[in-house]
Chemist: 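Okay, here's the structure, questions in a sec.
The chains referred to below are lettered A, B, ... by the order of the sequence lines, with proteins before strands, and numbering in each begins at 1.
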There are 2 protein chains.
Amino acid sequence: MNIGEAANQAGLPVKTVRYYSDIGLVLPSHRSTSGYRNYDSTSVKKLIFVKRARSFDFSIEDCRELLDLYQDKNRTSSNVRRIAKEHLVQIQRKESELKNLRLELNHLVKACAGDDRPDCPIIDYFS
Amino acid sequence: MNIGEAANQAGLPVKTVRYYSDIGLVLPSHRSTSGYRNYDSTSVKKLIFVKRARSFDFSIEDCRELLDLYQDKNRTSSNVRRIAKEHLVQIQRKESELKNLRLELNHLVKACAGDDRPDCPIIDYFS
DNA sequence: CTTGACCTTCCACTTGATGGAGAGATTATA
DNA sequence: TATAATCTCTCCATCAAGTGGAAGGTCAAG
């Protein structure tokens, strides 16, 4: 199938599929004589795999590694687990940072009258 | 003072201060005859202000707006509050997305044996 | 034969910086 | 005073992960 149909089946924009092809993440199974990218069901499955992994915020490089393992019949689940676990740590770190941010900002917003006067604890805090 | 000293006082890399100057976010108070950026205490305060706001993940454009309000004696705290509140909503949304991600990924990692065998619920889930 | 949908490559833009090259300015030391 | 070290300047490239658009080739239907 052509890129449009493949993108459709994977639920990705055509541009993104072409981008994944450009960076060698998911290559089309072959090219037509006129240069059209052609995707078979295997390559579409890879696109879907990448889409899922990306929705988990895995980086493109992580996806590349996971995709290798996905295709590797000799893989060990410990390898996959390692990548996922490292990623989990990143997510947890980010989440707690965001939480601190939210608490502090919430505090500031609550302290701010939000009226016509120029007095503002938010501005004061930043100054 | 020169850019190095200003950057130092603001706790920002010189490159960043120059970048803020380039995009017109915090301009140096003037330039020396030889073209050196010169920062007075007011412009350094603005740098510090931006640094704080950025540490709260406010975008550069938000910072620009907050900086305008910071300098505006006729500002109303409601304007500042609006920006901060919108930002708070973004942070909360991001935080809950991250939480969902963490829970699901944690689930997957826990379900994965992480041993020598190729069977892996993480890979299965993505496939 | 032409229209329209789809495909191609290439280039620019996004955010918020950061790194480096090459050159000029200033300051410290010998 | 010479020179070396440090600072600063501008300009260009790069990062992630695409997205948007231009200019042009391809294909099927009417």
Chemist: Would you kindly give the CD1-to-P distance between A/Ile23 and D/dT19, to the nearest whole Å?
Modeler: 12 Å
Chemist: Grab the CE-P distance between B/Met1 and D/dT8 for me, whole Å please.
Modeler: 12 Å
Chemist: By nearest heavy atom, map B/Ser32 and A/Tyr36 onto DNA chain C; which one lands nearer the 5' end?
Modeler: A/Tyr36
Chemist: Between A/Arg18 (CZ) and D/dG20 (P), how many Å, whole number?
Modeler: 13 Å
Chemist: Do A/Gln9 and A/Glu5 have side-chain N/O donor and acceptor atoms under 3.5 Å apart?
Modeler: yes
Chemist: Would you mind reading off the distance between A/Gln90 atom CD and D/dA16 atom P, rounded to a whole angstrom?
Modeler: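 Result: 15 Å.
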Chemist: Measure NZ/A/Lys15 against P/C/dT14 and give the value in whole Å, please.
Modeler: 16 Å
Chemist: Calculate the interatomic distance between B/Asp22 atom CG and D/dC12 atom P; express it in whole Å.
Modeler: 13 Å
Chemist: Would you mind checking if B/Lys15 and B/Asp22 are paired as a salt bridge, meaning a charged N to carboxylate O distance below 4.0 Å?
Modeler: no
Chemist: Nearest to the side chain of B/Tyr19, which nucleotide is it out of C/dT18, D/dT10, D/dT19?
Modeler: C/dT18
Chemist: Using the six-membered ring wherever Trp is involved, compare the ring planes of B/Phe58 and A/Phe126 and label them parallel, tilted or perpendicular (cut-offs 30° and 60°).
Modeler: perpendicular
Chemist: What does A/Ile3 touch in the nucleic acid at a heavy-atom separation under 4.0 angstrom: a base, only the sugar-phosphate, or nothing?
Modeler: sugar-phosphate
Chemist: For A/Pro13 and for B/Arg31, find the nucleotide of DNA chain D with the closest heavy atom, then tell me which residue's nucleotide is more 5'.
Modeler: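 By nearest-heavy-atom nucleotide position, the 5'-most residue is B/Arg31.
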Chemist: Expressed in angstrom and rounded to an integer, what is the separation of B/Glu5 atom CD from C/dT27 atom P?
Modeler: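 That distance rounds to 13 Å.
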